[in-house]
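Computed from heavy atoms alone, side chains included, the values below leave out hydrogens, waters and symmetry copies. Since the model is a prediction, treat every value here as computed from it, not as a measurement.
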Amino acid sequence: MTQPWQYVVSMPQPENHLFNIQLTICDWDADFLDLHLPVWSPGSYLVREYAKNLQDFKAIDQNGKSLNWLKITKNYWRVESLKQTCQISYKIFANELTVRTNHLDDTHGYFNGAATFMFVPNYENHPFTVEIVVPKNNWEIATALPHFENHASIFFADRYDQLADSPFEIGIHTQVKFEVLGKSHEIIVWGDGNPDLGQIEQDTKAIIATEAELFGGLPYDRYLFILHLANGYGGLEHRNCCSLIYPRFNFRGDHYLKFMNLVAHEFFHTWNVKRIRPKALETYNYDQENYTSSLWFAEGATSYYDQIIPLRAKIYGKDHFLKSLGETITRLQNTPGRQVQSLYESSFDTWIKLYRPDANSPNSQISYYLKGELVCMLLDLAIRNSSQNRRSLDDVMRSLWQYYGKPEIGYTEGELYAVIETVAGTNLQDFFLKYIHSTDELDFNYYFEPFGLELYAGYAQKSVYTGISVRSNNGVVTVKSVDANSPAQLVGIDANDEILAINGFRVTAEAFGDRLLDFKPHTEITITLFKQDQLKTVTLRLEQPRCDRFMISEVKNPTPTQQKNLQNWLD
Ligand SMILES: [Zn+2]
């Protein structure tokens with residue numbers, strides 16, 4: 001066997017948030033050793049410049065003698081090796097608690113491979129070992145990587161991708177272990193809160209079994225869920241594990257169901273995007289953006305199934321599903337950017353847009369998660385309807401798994417469309433053109449009709465329309481965003497303006513929406529505000545209330561076909 005390159009990760013003083021990383025490469029046989037640290041993590045499409053957290057880079061030979069080195073680019077180091085054993089060391093500052101970054105303090109250490117480990121270009125298939133040196137005896141190590149031989153604290157990665165894809169959680173944990181279809185699963189929890197782990201185990205098992213049934217088995221030997229209970233929300237998928245972060249006291253009622261959606265979502269990625277990958281992600285380029293127009297499917301289909309799978313697993317019923325679907329449609333219809341950016345553009349430009357939202361984002365962008373989910377639902381309904389319930393989006397997923405996922409061949413946009421059309425048995429070019437490449441409004445009722453469902457528009461609060469969204473900044477009404485072409489934009493109200501009064505009377509963030517209920521459309525109000533510290537008063541002409549809430553109901557007298565279609569879809 002090839003001698004693996006050896007990483008050692010220690011954290012002797014966790015309070016300083018520094019991981020010490022050491023890499024030993026025995027008998028390097030070239031004059032130079034080139035080392036790169038990735039700039040992004042697969043699954044989270046933003047250049048995060050992990051090298052900004054790196055310090056104290058050193059290189060020595062087997063006798064401890066310093067080796068010359070220089071930096072070639074922001075994330076690229078070149079060591080003069082003179083054909084011998086090289087030992088590289090550096091420190092990674094880790095004080096950002098998200099699923100895709102690193103965090104180390106006196107309670108735990110969590111790190112992502114891509115944000116931590118360097119790779120050697122052209123040696124991506126060289127194996128690695130990772131030894132973890134814990135700072136306290138009672139800290140335990142959780143990772144999806146297998147143990148190296150029989151060492152308790154040394155792990156093995158057969159190539160760099162596996163190393164980059166396997167986060168570590170090190171500390172004191174609550175742990176749940178169970179089996180599904182003979183495969184071992186673990187949930188490792190860091191932090192305190194109010195989750196009922198018995199319930200989570202039962203529902204997670206049901207989700208795993210339901211997704212395995214869809215794809216015909218589980219494509220791994222062991223799977224790990226890392227759950228951080230903290231002040232945050234997010235998930236990141238890996239091949240044999242996922243990281244989840246969830247608000248520590250949000251495990252009751254609808255919040256709990258939302259947590260199970262997150263579990264179903266990240267687990268669905270085990271197939272869709274970790275193995276069934278767009279062509280641009282077939283081989284990851286860790287040095288730069290990896291452009292693909294197919295994230296609407298990688299994330300959109302996954303978001304659609306994160307709603308459908310818990311329903312099939314009986315974690316909630318049809319009413320909750322339809323209520324939640326109405327809320328998703330409400331979010332789409334309340335985003336003016338849906339008429340500006342197509343799903344295709346949203347996918348391609350994620351590197352500069354989705355992960356970098358600003359006050360103009362609602363006016364200029366649409367999330368490929370949000371619209372992708374709804375477009376995938378329409379595709380599912382279209383396929384079910386045209387095939388008289390003989391086929392569905394499930395068959396699209398299974399075909400993609402068969403032809404692209406299992407052999408891990410990336411699919412092109414054209415191949416994805418071809419698979420969908422083959423399953424649907426019909427030409428969908430017009431659908432793709434309107435809903436993926438253009439910004440046409442989604443015609444929900446056309447697709448709902450055969451299922452005896454109807455979308456209707458209403459009002460959250462029937463209030464005059466100004467186009468202003470506000471947030472509270474220590475009680476001060478602060479403008480979050482202003483709709484394009486709205487009454488507020490016409491008079492120059494901008495994000496970050498501080499609203500002090502309506503018609504001369506002080507207004508608070510809590511009361512802002514309520515005060516507007518007192519006014520009629522086509523009348524005028526004055527708004528007094530601070531704009532960049534300057535006091536101003538503007539006169540705003542109010543418009544008719546806009547429908548801002550969408551709900552789905554079953555038609556009163558469904559036909560037998562409608563009943564059958566709906567049952568087939570949701571029961
Ligand atoms: Zn996702």
Side-chain angles (χ1 to χ4, degrees), residues 233 250 253-255 257-258 319-339 357 359-363 365-367 370-371 374 441-442 444-445 448 453-529 537-554:
Y233 169 88
N250 271 12
D254 279 4
H255 290 306
L257 300 181
K258 206 174 153 206
D319 290 349
H320 177 84
F321 172 83
L322 291 176
K323 185 182 87 166
S324 181
L325 181 57
E327 290 164 1
T328 305
I329 294 173
T330 296
R331 290 212 313 279
L332 177 80
Q333 298 304 123
N334 285 337
T335 308
R338 75 186 187 284
Q339 294 174 315
N360 188 45
S361 301
N363 287 326
Q365 295 180 41
I366 193 65
S367 155
L370 173 61
K371 188 173 171 186
L374 294 169
E441 295 280 12
L442 302 185
F444 291 104
N445 277 330
F448 280 156
L453 296 175
E454 213 169 11
L455 179 73
Y456 60 98
Y459 303 94
Q461 267 193 321
K462 199 169 179 178
S463 169
V464 286
Y465 176 71
T466 63
I468 304 174
S469 304
V470 299
R471 63 186 161 86
S472 169
N473 184 8
N474 292 325
V476 178
V477 194
T478 306
V479 178
K480 197 164 76 181
S481 64
V482 176
D483 290 355
N485 308 314
S486 64
Q489 199 189 47
L490 286 178
V491 297
I493 296 176
D494 269 321
N496 299 321
D497 288 353
E498 293 176 0
I499 296 179
L500 305 173
I502 295 177
N503 285 350
F505 289 94
R506 190 214 305 261
V507 64
T508 61
E510 293 70 41
F512 183 78
D514 193 59
R515 286 282 296 284
L516 292 176
L517 291 171
D518 291 333
F519 301 104
K520 291 200 161 42
H522 312 301
T523 59
E524 292 184 340
I525 57 170
T526 62
I527 290 190
T528 307
L529 51 84
T537 297
V538 294
T539 303
L540 196 75
R541 190 169 170 79
L542 302 167
E543 287 185 6
Q544 289 283 1
R546 295 207 171 169
C547 291
D548 57 359
R549 189 166 173 224
F550 293 81
M551 285 153 288
I552 297 158
S553 66
E554 296 181 44

Report the distance from atom [atom1] of [X] to atom [atom2] of [Y], rounding to the nearest 0.5 Å.
X	Y	atom1	atom2	result
L370	Q365	CG	CD	12.0 Å
L500	L529	CG	CG	7.0 Å
N503	T537	CG	OG1	10.5 Å
L322	M551	CG	CE	13.0 Å
T508	I499	OG1	CD1	11.5 Å

For the residue pair [X] and [Y], what are the closest heavy atoms and their distance?
X	Y	answer
V491	V538	O-CG1, 3.8 Å
N363	P336	OD1-CG, 3.6 Å
T330	F550	OG1-N, 2.8 Å
S463	L516	OG-CB, 3.6 Å
K258	Y233	CE-CE1, 4.5 Å
L453	E554	CD2-CG, 3.6 Å

Review point. So, N334 side chain and D548 main chain: donor-acceptor pair closer than 3.5 Å or not?
Key: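 Present.
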[Y] and [X], any side-chain heavy atoms less than 4.5 Å apart:
X	Y	answer
Q339	E441	yes
L442	R338	no
L542	T466	yes
I468	I527	yes
Q544	H522	yes
L540	I493	yes
K520	V464	no
F444	I552	no

Atom CZ of R515 with >12 non-hydrogen neighbours under 6.0 angstrom |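 Count over threshold, so yes.
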> Please, which pairs that meet side-chain hydrogen bond (donor to acceptor under 3.5 Å, both in side chains) have at least one residue in residues 480-491, sequence neighbours excluded?
Replying inline: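 Of all non-adjacent pairs touching residues 480-491, those that pass side-chain hydrogen bond (donor to acceptor under 3.5 Å, both in side chains) are Y465-D483.
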After noting the C-alpha distance and the side-chain angles of D494 and V482, does the key distance pass the side-chain contact (heavy atoms from CB on, under 4.5 Å) rule?
-> CA-CA 6 Å; D494 269 321; V482 176; 5.6 Å; no
Pair L455, Q333 - check side-chain contact (heavy atoms from CB on, under 4.5 Å), show working. CA-CA 12 Å; L455 179 73; Q333 298 304 123; 6.0 Å; no
Residues which pass ring pair (Phe, Tyr, Trp, His ring centres under 6.0 Å) with H255, listed by chain and number, not counting sequence neighbours |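 For H255 there are no ring pair (Phe, Tyr, Trp, His ring centres under 6.0 Å) partners, ignoring immediate neighbours.
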Original post:
How would you list, by chain and number, every residue that makes a side-chain hydrogen bond (donor to acceptor under 3.5 Å, both in side chains) with N496, sequence neighbours excluded?
Top reply: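 Residues passing side-chain hydrogen bond (donor to acceptor under 3.5 Å, both in side chains) with N496: R471.
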